[in-house]
2 protein chains.
Amino acid sequence: MTVVGRAGRSASNGPASQQDMRRQNLAVVLGAVAAHSPLSRADVAGRVGLTRAAVSSLVDELIGRGAVTEAAATASGRPGRPGRALALSGQGPAGLGLEIGVGHLGACVVDLRGEPRVWRREERANAGRPAGEVLAEVAALAAAAEAEAAALGLRVDGRILAVPGVVPNEPGGLVERAPNLGWRGVRLADHWPDADTVPEPENEANLGALADYWNAGQPAETFVHVSAGTGVGAALVIDGRLFRGARGFAGELGHLPVHPDGPGCACGARGCLEQYAGEAAVLREAGLAQYGPGDAVALLAERALAGHPPTLAALERAGSALGLALTSAVDLIDPDGLVLGGAYADLADWLLPAVRAELAARVTLRPWAPEALRPSALGRRGPLLGAALTTVRRIMADPTLLPAG
Amino acid sequence: MTVVGRAGRSASNGPASQQDMRRQNLAVVLGAVAAHSPLSRADVAGRVGLTRAAVSSLVDELIGRGAVTEAAATASGRPGRPGRALALSGQGPAGLGLEIGVGHLGACVVDLRGEPRVWRREERANAGRPAGEVLAEVAALAAAAEAEAAALGLRVDGRILAVPGVVPNEPGGLVERAPNLGWRGVRLADHWPDADTVPEPENEANLGALADYWNAGQPAETFVHVSAGTGVGAALVIDGRLFRGARGFAGELGHLPVHPDGPGCACGARGCLEQYAGEAAVLREAGLAQYGPGDAVALLAERALAGHPPTLAALERAGSALGLALTSAVDLIDPDGLVLGGAYADLADWLLPAVRAELAARVTLRPWAPEALRPSALGRRGPLLGAALTTVRRIMADPTLLPAG
DNA sequence: GGTGTTTGCAATGGCTCTTAACAAACTAGT
DNA sequence: ACTAGTTTGTTAAGAGCCATTGCAAACACC
């Protein structure tokens, strides 16, 4: 059973039905249980503004669908009949996340509580190999992860594949291009061995941003998540939802003109951020160009840690340019926070000072706290976790996606 | 009777009630009538996906609330009983827009169809005068406009005041500051003669952007509306709704760093867009600084039209800088369109070429059509129209705001 | 053990949409 | 002119969902 469709549609058009009402109330109750468990039915009723009778009916349905479990009665110590504690189920519904990186494959299963229960990672050089070959290996990894999850009593309800490439907004399972893998126009269904378990692709940076958001305790509802792989990109989360722009190209931070008359860029313009903060540019500036694009991040971190002056200078130059670009982002979007993810997370120690300095000097007319800029807490695990959590969040937003008991 | 509260809340939290369902379906039906009138009940049912019976009930309520009127039966020429044509009412519900500019006051009343029915404008030097004095005059103008509207059978259901200043996100009728008027922390209710007709303030640039959006035939759902007064700002409309940012500071285009090492700016940074495309900067560069900030736009347009070389050079310089800043905006937000409003609308002839050239040279990795950049169609009338239309749009989004018949 | 309190559930009612049936109003064909 | 066919709008019955009300169950406190 697969959870289909993008959840959370606001659907400002289209009529409302009683099913929609039920759907929303199921989600509201489930959300209350998730946020404040353990909680009794009466607690939920008082908190969300429904009556106990309605909550009873809703909870019964959620239990039937396997989303909520009822714990034993808890002796509260207060007078009155004790409520029966409700909590998110640690069994049954689950989300499978998959990941194809340049140098590895990953799979992970999370339960409804957001807890990772299965975690697999295999080092593998994927650049340049045929897509079908790589996808067959991912499918095998996925099957193994699902089997392991099944042994834990989990049933995978949705599958998302994180890829380092462009995934168009529309459904269809298409990876438009993934330069680092050498993919172009790959449709997952064409290469997946089992038609019932074809995952839905999504850009890894977007998933990393969402994972960071979902993982953070207090929610920064609107933030910019910068991440660097070979290119430099940003995921924009606005009001808690990923913003893709009119055509899906939002967050193209790498080609912001930071020094309009600077060095020429492959895109045809001059002085793009990538010419200062892109992987190739930093390596070149650090005098490490000959090492090629292996694990550039580890190399840079090692040199920086050793105090290698050209590397430190290159990272400071990158940080300044990044600060300039982020100044534009802050001026335009006014986010709650800025997160450095991807490769930047591992280099944050050397980048942050210059980024902070640039922001402090240039963002002066509005409240801006230096703490609003922070490295991603999840680092490299973000995309895979985000892929798995996507299904969980969809279920939380619409529990009727789960099969009825 | 006053329409209160910001319409269009998505309310992803909170339970759904049957009233909510009714509210949404009323809005859906009203929206169909607005978009495709004349329309029969059966047409509406077929179009929105409700049954004829439900639509009948909803239309009856809309007629009772004065939002919809039933025209005489139209002989269609096709077999079957002819439907009775429904259309938005041109009487009854209406929105009042008010405007305080540096050099004028304005008032306007639009009916539910969006048609301006009353339009008043008075030249008046408002800079530096006590807020109470100005507001008293606006209130008088508003009362006159409402009286004229009443004579046309219109009842004002909401009042919005466009001001050239910062209006915080929260309700409360506060104008935080309006530098060009010399206002600081003005609460409208404190100065308004009649407590029942206190308008809600809103930033004029925001209203101009929304008016342009609502006025445009085919909707660009996500766009950036740039406007210049004394400063340079942008209103961001995302998915059809104004985006204010986490703290209400989104769209601060004027201080994007376009030439990071450029001239110092009052904000403390260097090379901000305002130093190239702000009113003062353009006047200075054109050698017209001594004329002061009178009607700078008219002066510049006159000189440019006369072929005055320094003016043309200054405008080209401004256009280039604006193009740089908009490159960042396009890279980050991926909008459907860019609109030049406010003073830029009147100078578009001389600004557009440079802006276009910069965008064409720098936005290369994504689809970008030069036509996506256009001057505002409404020009200076935008803010006032937007203020009046705000109430109409709120009613369209929630017809239960209207008193029941 | 009795009293008071809180919980969860069942019965009833109200609101809203859907389904089904029907009268009204028109065209087309004879 | 008259009948048949089609479409519209309304009405009545039915279903789904939540609110209200009442009540038995389960606990603390005296």
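To find a chain, count down the sequence lines: A is the first, B the second, and so on, and within it residues start at 1.
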Quiz prompt | Gap between atoms CG and C1', on B:D20 and C:dC15 respectively (whole Å) | solution = 13 Å

Quiz item: Among side-chain atoms of B:D43 and B:S40, is any donor-acceptor pair under 3.5 angstrom?
Solution: yes

Practice problem: Using only heavy-atom distances, decide whether a donor-acceptor pair under 3.5 angstrom links the side-chain of A:R81 to the base of C:dT6. | Solution: no

Quiz item: A:R23 CZ to D:dC18 P: how many Å, rounded?
Solution: 12 Å

Self-check item: A:E115: partners by salt bridge (Lys or Arg N to Asp or Glu O under 4.0 Å), with sequence neighbours left out
Solution: none

Exercise. Return the residues of residues 35-51 of chain A meeting this criterion: a heavy atom under 4.0 Å from some atom of DNA chain C. Order them by number, or give none.
Key: A:S40, A:R41, A:A42

Practice problem: Go through the structure and list residues passing side-chain contact (heavy atoms from CB on, under 4.5 Å) with B:R81, not counting sequence neighbours. | Solution: none

Self-check item: For A:R22, salt bridge (Lys or Arg N to Asp or Glu O under 4.0 Å) partners two or more places apart
Solution: A:E61

Practice problem: Using a cut-off of strictly less than 4.0 Å, decide whether B:R78 has a side-chain nitrogen or oxygen near OP1 or OP2 of D:dT6. | Solution: no

Exercise. Figure out the CG/P separation between A:L26 and D:dC18, and round it to whole Å.
Key: 8 Å

Self-check item: A:I63 CD1 to C:dG8 P, straight-line distance once rounded to whole Å
Solution: 10 Å

Practice problem: Report the residues that fulfil side-chain hydrogen bond (donor to acceptor under 3.5 Å, both in side chains) with A:T400, sequence neighbours left out, ordered by chain and then residue number. | Solution: A:R23, A:D398

Quiz prompt | Separation of atom CZ in A:R52 from atom P in C:dA11, rounded to whole Å | solution = 17 Å

Quiz item: Which part of the nucleic acid does B:A53 contact within heavy-atom distance under 4.0 Å: base, sugar-phosphate only, or nothing?
Solution: base

Quiz item: To the nearest angstrom, how far is B:Q18 atom CD from D:dG16 atom P?
Solution: 14 Å

Quiz item: With sequence neighbours excluded, what pairs up with A:L210 under the side-chain contact (heavy atoms from CB on, under 4.5 Å) test?
Solution: A:W214, A:V237, A:L242

